[in-house]
Protein chains: 2
Amino acid sequence: MTKMHKENNLTKNEQIVFDLIEKSREPVKAYSILSNVKKKGIKAPPQVYRALEKLIKVGKIHKVESKNSFVVCKNTNCEVSNATAFSICQVCEKVTEIVNSKLSKYLKSFQDNTGMRYKKYNLEFFGLCQKCKSK
Amino acid sequence: MTKMHKENNLTKNEQIVFDLIEKSREPVKAYSILSNVKKKGIKAPPQVYRALEKLIKVGKIHKVESKNSFVVCKNTNCEVSNATAFSICQVCEKVTEIVNSKLSKYLKSFQDNTGMRYKKYNLEFFGLCQKCKSK
DNA sequence: CATTAAAATGTTATAATATTACATAATGTT
DNA sequence: AACATTATGTAATATTATAACATTTTAATG
């Protein structure tokens with residue numbers, strides 16, 4: 001087996017899982033990933049979950065917590081992913097990552113009432129997407 | 001069976017589940033709730049999940065998505081719960097609801113790059129709580 | 001290039017979380 | 001009382017995730 005895959009340092013399984021999520025262009029669930037990469041030789045949940053864990057750690061993907069789903073990161077220079085925000089349509093369930101520097105600056109510098117600051121956040125907004133609003 | 005329970009309009013099972021979550025003072029998982037209310041006559045998951053769903057809907061509790069756990073709402077006048085923020089310690093896993101009007105005003109009025117506004121949000125901050133920081 | 005340690009993968013089983021479907025009982029309305 | 005609605009009970013099963021351990025691949029070193 002070759003050591004490197006594509007331009008990055010993902011392992012074989014990580015690359016397979018990443019490619020599938022990227023290709024799908026919408027949030028994908030772990031077992032959906034599994035069933036779609038069976039043909040690539042990935043046969044069992046731990047293989048998928050390990051890849052997901054690593055991809056999240058290096059910031060290539062995010063987990064959309066409210067949907068137990070995974071999406072590719074939309075930030076150009078995604079590295080460690082400690083600040084995520086999503087727009088989720090309550091009707092069609094479309095999920096879009098929000099990349100907004102004002103918002104991220106505000107939240108990264110946020111201090112709670114006790115003066116506590118945070119290393120990481122995840123924000124999920126819910127509403128109607130353009131399409132569903134105009135129906 | 002009496003119609004009303006305590007001062008509010010919760011049903012029997014809803015009140016049992018709510019009391020347990022409130023008593024515990026920390027996030028509780030559904031199956032932990034289940035095992036702790038067996039003595040009260042609640043025997044199966046659907047009874048718990050139904051109560052949780054209703055309690056969330058009326059704003060008495062929130063789900064902490066990243067932990068699949070449930071906490072009582074800390075807002076005094078909690079009604080429909082469309083704006084939640086939590087502080088989660090990465091070490092001891094302590095969860096506190098953040099009640100901060102500046103933050104909620106900011107997020108309630110947030111518009112994304114497309115001008116879209118949202119009806120609801122959930123924000124989870126991660127960091128070290130006071131105790132864990134000072135260790 | 002043989003040896004070895006570390007990382008990645010493969011595999012089975014099972015744990016933890018959540019829902020479906022349908023039956024029964026309690027309650028509210030007329 | 002009759003009926004509709006809401007709440008509850010119950011069994012089964014679906015979905016999401018991890019534990020544990022074996023094997024293979026890769027990287028580093030002498």
Open item on the list: Can you list, by chain and residue number, the hydrophobic cluster partners of L128(B) when the side-chain cut-off is 4.5 Å?
Closed with: V91(B)
Task: All salt bridge (Lys or Arg N to Asp or Glu O under 4.0 Å) counterparts of E93(A), not counting sequence neighbours - done: K67(A)
Open item on the list: Tell me whether the side-chain N/O atoms of Q47(A) come closer than 4.0 Å to OP1 or OP2 in dG10(C).
Closed with: yes
TODO: Sequence neighbours left out, what pairs pass ring-ring contact (aromatic ring centres under 6.0 Å, His included) with at least one residue falling in residues 26-58 of chain A?
DONE: none
Task: Pairing residues for K131(A) by the side-chain contact (heavy atoms from CB on, under 4.5 Å) criterion, not counting sequence neighbours - done: C129(A)
- [ ] Starting from P on dA7(D), measure out to CG on L10(B) and report it in whole angstrom.
- [x] 11 Å
Open item on the list: I want to check one thing: is the phosphate of dA25(C), taken as OP1 and OP2, less than 4.0 Å away from some side-chain N or O of K12(B)?
Closed with: no
Pick out the pairs of N or O atoms, protein on one side and nucleotides 11-16 of chain D on the other, that lie under 3.5 Å.
from: dT16(D); atom 1: OP1; to: K29(A); atom 2: NZ; distance (Å): 2.6

Open item on the list: So, using side-chain contact (heavy atoms from CB on, under 4.5 Å) as the criterion, who are the partners of K29(B) when residues are at least two apart?
Closed with: S32(B), N68(B), S69(B)
- [ ] Not counting sequence neighbours, which residues clear salt bridge (Lys or Arg N to Asp or Glu O under 4.0 Å) with E124(B)? List them please.
- [x] none
Task: Sequence neighbours excluded - salt bridge (charged side-chain N to carboxylate O under 4.0 Å, His left out) pairs with any residue from residues 105-121 of chain B - done: none
Task: For atom CG of L34(B) and atom P of dT19(C), their distance in whole Å - done: 15 Å
- [ ] Measure from NZ on K57(B) to C1' on dT6(D) and round the result to the nearest Å.
- [x] 12 Å
Task: T11(B) side-chain N/O to dT8(D) phosphate OP1/OP2 under 4.0 Å - done: yes
- [ ] Rounded off to whole Å, could you give me the NZ-to-C1' distance for the K54(B) and dT6(D) pair?
- [x] 9 Å
Which pairs, protein N/O on one side and nucleotides 22-24 of chain C N/O on the other, fall under 3.5 Å?
none

